[in-house]
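Numbering of residues begins at 1 and proceeds along the displayed sequence.
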Amino acid sequence: MLTFRALGPFQACHGGDLVDLGGQRQMAVLARLLVAGGRAVPVSMLIDELWPGEPPAQALSTVQGYVSRLRRALEPGRAPREEAEVLVSAPPGYALRAAPDQVDAWTFERAVKATGEPAEVWERLGRALALWRGPALAEFSDLQWAATEAGRLEELRLVAVERRADAGLRLGQSGALVADLEAHASAHPLREEAWRLLALALYRSGRQGDALGALRRARTLLREELGLDLGPALQRLESDMLAQAAHLDLPPASPAAGEARDAAASAASTASVEASGPRTLRVVVADDQALVRTGLRVVLDSEPGFQLVAEAEDGEQAIAAVRETSPDVVLMDIQMPRLDGLTAARRILADDAPPKVIMMTTFGTDDNLYAALRAGVSGFVLKTSAPEQLISAMRAAQAGDALIDPAVTTRLIAAFAGRADPSVPPALAGLGDTDLDLMKLVARGLTNRQIAATLSVPEHSVAQSVTRLLDHLGLHDRAQLVVAAYESGLVNPGGPGR
């Protein structure tokens with residue numbers, strides 16, 4: 001059987017024999033079609049992506065020659081005039097026709113997204129992770145489409161590692177998992193799920209002190225790197241460990257009891273979400289890069305409670321999609337052709353009952369970031385953000401918070417501290433120390449829940465105080481509080497507050 005390997009050195013095999021795929025650029029044609037997942041890729045796009053910037057004059061005939069040679073290599077027994085069955089013509093371009101089990105990356109992705117009992121998940125993800133032989137698509141790392149897909153696959157690999165470890169904990173394999181989870185958390189110190197799994201494995205192995213020590217390490221790293229405290233899940237885990245909560249103990253012989261507890265907790269969480277608002281957030285994604293939209297589609301498809309209702313390639317399409325589908329959240333690239341994301345965001349936010357708009361950047365210009373904050377967007381995220389950061393941003397926006405990537409906040413503060421603007425109060429007259437402290441925390445990008453934990457006050461009190469601040473200052477959105485904080489000099493480039 002013909003198979004393709006992208007999770008390591010890029011290869012095609014007939015049975016156990018490697019297929020000669022030719023030179024680097026010819027291989028890149030096949031790799032690009034594999035990344036498209038069976039969908040057609042126009043020849044014009046192949047040319048642009050194989051030769052970024054300045055394609056050669058004979059690019060079209062060169063691509064056609066690559067395809068012809070690849071067809072002969074992949075289907076050596078095909079008659080000269082017989083139509084190809086693997087690398088097929090699909091006007092206005094080409095497509096790779098293969099079953100999911102013929103492509104290691106497709107097999108892997110399907111395994112990660114599947115659900116099942118802990119024992120089944122443990123075995124299935126073990127086989128899936130064994131497909132990896134090295135970094136994905138490393139031969140083409142200088143090409144943007146390959147780098148984007150490699151990053152997406154690497155994120156899926158990390159998710160698979162964590163889901164398999166979670167299944168192992170449910171099966172009572174805590175002690176055996178500690179070493180691997182220690183290495184995983186050390187290699188990816190900003191992944192809170194990695195620290196949760198490590199701490200729980202240590203706790204269930206009878207190492208309560210080490211478990212709490214792991215959470216302290218996580219808190220220190222998050223504060224030093226991002227200026228944030230532990231997330232709610234890790235804070236609850238720490239409190240439960242200090243209280244030696246009974247539900248943390250999972251006897252190896254009876255994983256079903258732990259699963260029942262987890263099911264009950266999940267049902268309680270679902271009931272809470274249903275009681276507080278709609279379960280599903282409807283999302284529009286707007287980005288001119290197809291690979292970015294594909295990556296976001298994967299993130300949303302794999303996250304319960306989210307529904308992708310429309311995609312757009314430019315600002316005009318985004319506005320039309322919003323008016324047609326009435327989404328809850330729009331994820332919008334700040335720089336797009338025809339109509340840029342910033343202008344589109346302003347028009348969307350000017351409508352009656354607009355959705356929340358979150359801007360994405362790689363970075364754009366400082367002026368664009370600054371203008372978008374002043375326009376009232378509900379957050380900024382980097383395109384390189386981990387999926388959980390994107391999900392958190394959308395949930396925060398829907399809850400009335402604004403999640404602004406700390407890297408964006410730091411950059412803006414450094415670039416615009418002290419800049420005066422007539423539409424923002426030049427002095428924060430009438431605000432007491434408590435209000436000023438609240439503004440500093442908002443300027444750091446903290447959500448209401450994180451602020452409540454920092455100040456040891458109820459979350460609803462924070463929400464009321466933020467609303468009062470907005471009314472007092474005449475601001476449209478809490479994201480504008482960030483702007484007001486550094487425009488007034490309340491926040492300085494040298495630190496989170498003075």
Side-chain angles (χ1 to χ4, degrees), residues 7 104-105 107-133 153-218 221 230-238 240-241 244-267 269 302-304 386-388 391:
L7 305 179
D104 61 354
T107 300
F108 174 77
E109 185 168 345
R110 184 173 57 174
V112 175
K113 291 182 178 180
T115 60
E117 297 299 317
E120 179 187 351
V121 171
W122 172 264
E123 293 296 333
R124 183 180 65 247
L125 292 183
R127 293 191 300 270
L129 289 166
L131 295 172
W132 283 77
R133 298 165 295 113
L153 290 170
E154 175 62 14
E155 174 59 30
L156 283 175
R157 188 187 70 81
L158 297 178
V159 169
V161 168
E162 291 164 358
R163 289 183 180 172
R164 186 170 190 263
D166 183 71
L169 289 176
R170 294 168 187 265
L171 294 170
Q173 301 185 29
S174 304
L177 288 168
V178 167
D180 287 343
L181 287 172
E182 181 71 59
H184 179 64
S186 297
H188 307 281
L190 301 184
R191 294 183 71 88
E192 295 197 32
E193 178 65 2
W195 290 108
R196 184 189 74 83
L197 292 166
L198 172 60
L200 193 55
L202 288 166
Y203 186 90
R204 290 180 177 172
S205 301
R207 299 168 59 181
Q208 298 179 36
D210 290 337
L212 290 168
L215 293 177
R216 284 195 297 272
R217 276 190 289 152
L221 283 164
L230 297 180
L234 290 185
Q235 290 187 31
R236 285 194 298 271
L237 180 60
E238 185 177 48
D240 289 345
M241 286 181 174
Q244 296 186 325
H247 72 82
L248 294 181
D249 297 320
L250 181 65
S254 59
E259 292 169 26
R261 283 193 297 268
D262 290 340
S266 176
S269 175
S302 61
E303 185 70 24
E388 55 265 29
I391 294 298

Worked check of side chain to side chain contact (heavy atoms under 4.5 Å, CB included) between Leu153 and Arg157: CA-CA 6 Å; Leu153 290 170; Arg157 188 187 70 81; over 6 Å; no

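- Residues that satisfy the salt bridge (Lys or Arg N to Asp or Glu O under 4.0 Å) test with Glu123, not counting sequence neighbours, are absent from this structure.
- Panel note: side chain Arg163, backbone Val112; a donor-acceptor pair is recorded below 3.5 Å.
- The ring pair (Phe, Tyr, Trp, His ring centres under 6.0 Å) search around Trp132 returns Phe108, not counting sequence neighbours.
- Considering only residues two or more places apart in sequence or on other chains, Gln208 meets the side-chain contact (heavy atoms from CB on, under 4.5 Å) condition with Tyr203, Gln244.
- The main-chain N or O of Leu7 is found under 3.5 Å from a side-chain atom of Asp104 such that the two form a donor-acceptor pair.
- Contact between Leu198 and Val178 at its shortest, heavy atoms only, is CD1-O, 3.9 Å.
- The side-chain heavy atoms of Glu238 and Leu234, taken from C-beta on, include no pair separated by under 4.5 Å.
- The two residues Ala111 and Leu125 come nearest to each other via the heavy atoms O-CD2, 3.7 Å.
- Note that CD of Glu109 is 12.5 Å distant from CG of Leu131, once rounded to the nearest 0.5 Å.
- Closest non-hydrogen pair, Ala165 versus Leu181, comes out as CB-CD2, 3.7 Å.
- Sorted by first and then second residue, the pairs that involve residues 182-193 and meet salt bridge (Lys or Arg N to Asp or Glu O under 4.0 Å), not counting sequence neighbours, are Glu155-Arg191, Glu162-Arg191, Glu182-Arg217, Arg191-Glu388, Glu193-Arg196.
- Across every non-hydrogen atom of Leu129 and Ala160, the tightest pair is CD2-CB, 3.8 Å.
- For the ring-ring contact (aromatic ring centres under 6.0 Å, His included) condition, the pairs that include at least one residue of residues 161-189, sequence neighbours left out, are His184-His188.
- Under the rule for a salt bridge (Lys or Arg N to Asp or Glu O under 4.0 Å), Asp180 has no partner lying at least two apart in sequence or in another chain.
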Stepwise side chain to side chain contact (heavy atoms under 4.5 Å, CB included) test for Met241 and Leu215: CA-CA 10 Å; Met241 286 181 174; Leu215 293 177; 4.1 Å; yes

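- One finds the CG atom of Leu202 at 12.0 Å from the CZ atom of Arg204 (value rounded to the nearest 0.5 Å).
- Note: Leu221 CG to Trp195 CH2 = 5.5 Å, rounded to the nearest 0.5 Å.
- Side chains of Leu212 and Arg216 form a contact here, defined as non-hydrogen atoms less than 4.5 Å apart.
- The two atoms that bring Ala199 and Ala211 nearest to each other are O-CB, 3.3 Å, heavy atoms only.
- Here the closest heavy-atom approach between residue Ala167 and residue Val121 is recorded as CB-CG1, 3.9 Å.
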